[in-house]
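Shown next, in structure tokens, is the structure this report addresses.
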Amino acid sequence: MLLPIDQPLDLVSTLLSGQAFRWRIGDATSFSSPGPPRRTGEDVASSRQVREEPWYHGVIYRNIVKLRIVPGGIEFYSAPDDERVVAPLLMDYLGLNVDINEVYRNIGTDDRLRASIAHYPGMRILRQEPWECLVSFLCAQASNIPRITKNIEDMATAFGRPLELDAPAGSGVRGMVRRSSFPTPQELATATRQQLWDLRLGYRADYIYETTQLVAEGKVDLAAMREMDYDRTLAAMMEIPGVGDKVANCIMLFSLDRLDAFPVDVWIDRAMHEWYFTPQGKKLNRKQLRLWAMQQWGRHAGYANHYLFHGRRLMGKEDQREGSVA
DNA sequence: AGCCAGGCCCTCC
DNA sequence: GGAGGGCCTGGC
């Protein structure tokens, strides 16, 4: 099915850069290292080099979704639910209801940000499912993307529901995709503390165990948090074990409709001191940085955060993986 | 071998 | 209120 879009969308930056952890590149289920771009194999003889966008697959709303960019929009398949059912969910999940050009006008306030925007046009903030997002960022403290990805996948495999997507013949999609849904709070609540510990989550296992009980028992109501104002949502989030200011802001930004949320991690901390509070200025703590940013960029501060984060990796160090194949 | 990671929490000052 | 150390595990 084709989902028409008329604004830039950069799938690799949006899906694989650390806001969600269940997206993979490639036609079929494969957890081997991504490696170099794969050959299509069929149109090698063709003199005209048709540059085809890669497929991605992930799991949202208990569906496997496989998608890629095509002229005019997004081509996608889903299972077990029909594409007509998944289409609006996918649209919403990808944040395509947000006018990104308006966002850029609001956050393009200096050269650094404008450079980052120019380098990552179409990198979006996802609108994820709050429960999965919460567990993901409980995993994230003192960790890294590959490890978080493994932790989340292990929980899905152990406590979620197995799914498969068999692409229709002649669709040009090759390979069966087998994934598991991320467990619901009730499903994950069946896990014992020891079982979680055995997934090698480290000390995060305790946070996840405690949090799962709270959500499954209804003592934490994530859906309700989408309706609250920023301060109330933040306060409610920080009641959750293992959730501090940074993690709360990540969850709020990526899943609770708070595009004004501004998570300050070590990288943002460095970038802001380096770029906005230069040498001798007194050091601001993380909460002060967040308040300053929210003042500066208002209701799209979270987008500024994401572009600062990626902008710094752009200028700070070399860009190791970049899909700019000739 | 030893240090540290995309934090949080608890203790102590 | 804020600085400092501990915490599972994995990677360098």
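Excluded from the calculations below are hydrogen atoms, water molecules and symmetry mates; all remaining heavy atoms, backbone and side chain alike, are included. Letters A, B, ... mirror the listed sequences (proteins, then strands); counts begin at 1. Fair warning: this is a prediction, and the values are worked out from it, not measured in the lab.
Checking the phosphate oxygens (OP1, OP2) of C:dG11, no side-chain nitrogen or oxygen of A:R147 falls inside 4.0 Å. An OP1 or OP2 oxygen of B:dG7 is reached within less than 4.0 angstrom by a side-chain nitrogen or oxygen of A:R286. A close approach under 4.0 Å does not occur between any side-chain nitrogen or oxygen of A:N144 and OP1 or OP2 of C:dG11.
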When Watson-Crick pairs (N1 to N3 and N6-O4 or O6-N4) and G-U wobble pairs (N1-O2 and O6-N3) count only below 3.5 Å on both distances, what is the dot-bracket string of DNA chain C, with | for other-strand pairs? |||||||.||||
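Between the CG atom of A:L196 and the C1' atom of C:dC8 there is a distance of 14 Å, rounded to whole Å. We find that NZ of A:K246 is positioned 6 Å from P of B:dG7, with the value rounded to whole Å. Rounded to an integer number of Å, the gap from A:L138 CG to B:dG7 C1' is 11 Å. The CH2 atom of A:W197 sits 11 Å away from the P atom of C:dC7 (whole-angstrom rounding). Here B:dC9 presents its P atom at 8 Å from CD of A:Q141, a figure rounded to the nearest Å. If you measure from atom CG of A:D245 to atom C1' of C:dG1, you get 15 Å, rounded to the nearest angstrom. Rounded to whole Å, atom P of C:dT9 lies 14 Å from atom CG of A:D154. Between A:I251 atom CD1 and B:dG7 atom C1' the separation is 12 Å, expressed in whole Å.
Between A:W55 and A:Y77, the ring planes are tilted. Angles from 30° to 60° get that label. Aromatic ring orientation, A:Y104 versus A:Y307: perpendicular (interplanar angle above 60°, classes split at 30° and 60°).
For B:dG7, the base has a donor-acceptor partner in the side chain of A:Y203 [N/O atoms by modelled type, under 3.5 angstrom]. Between the side chain of A:R200 and the base of C:dC8, no donor-acceptor pair of N or O atoms lies under 3.5 Å.
Residue A:I145 is classed as a base contact, given a heavy-atom separation below 4.0 Å to a base. Across all strands, A:F309 comes closer than 4.0 Å to base atoms (heavy-atom distances).
Of all non-hydrogen atoms in A:G242 and A:Q141, the two that sit nearest each other are O-NE2, 3.4 Å.
At a threshold of 4.0 Å, the pair A:R22-A:E129 does not count as salt-bridged, since none of the basic side-chain nitrogens sits closer than that to a carboxylate oxygen. A salt bridge is defined here as a Lys NZ or Arg NE, NH1 or NH2 lying under 4.0 Å from an Asp or Glu carboxylate O, and A:D82 with A:R84 meets this definition. For the pair A:R112 and A:E274, the salt-bridge criterion is not met [side-chain N within less than 4.0 Å of a carboxylate O]. Salt bridge status for A:D154 with A:R147: absent, with no side-chain N to carboxylate O gap under 4.0 Å. Salt bridge present: A:D245 and A:R290 bring a charged side-chain N and a carboxylate O closer than 4.0 Å.
Within a heavy-atom distance below 4.0 Å of DNA chain B, the residues of residues 233-242 of chain A found are A:I240, A:P241, A:G242.
With both ends at atom P, the span from C:dC8 to B:dT11 equals 15 Å, rounded to whole Å. When the C1' atom is compared between C:dG2 and B:dG6, the two are found 22 Å apart, to the nearest whole Å.
In terms of the side chain to side chain donor-acceptor pair (under 3.5 Å) criterion, A:S78 has no residue partners (sequence neighbours excluded).
The nucleotide whose nearest atom lies closest to any side-chain atom of A:Y207 is, among C:dC8, B:dA5, B:dC9, B:dC9.
Both A:V243 and A:D265 lie near DNA chain B, and the one whose nearest nucleotide falls closer to the 5' end is A:D265.
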A:F137 and A:Y207: CA distance, side-chain angles, deciding distance, ring pair (Phe, Tyr, Trp, His ring centres under 6.0 Å) verdict: CA-CA 11 Å; A:F137 284 92; A:Y207 294 144; over 10 Å; no
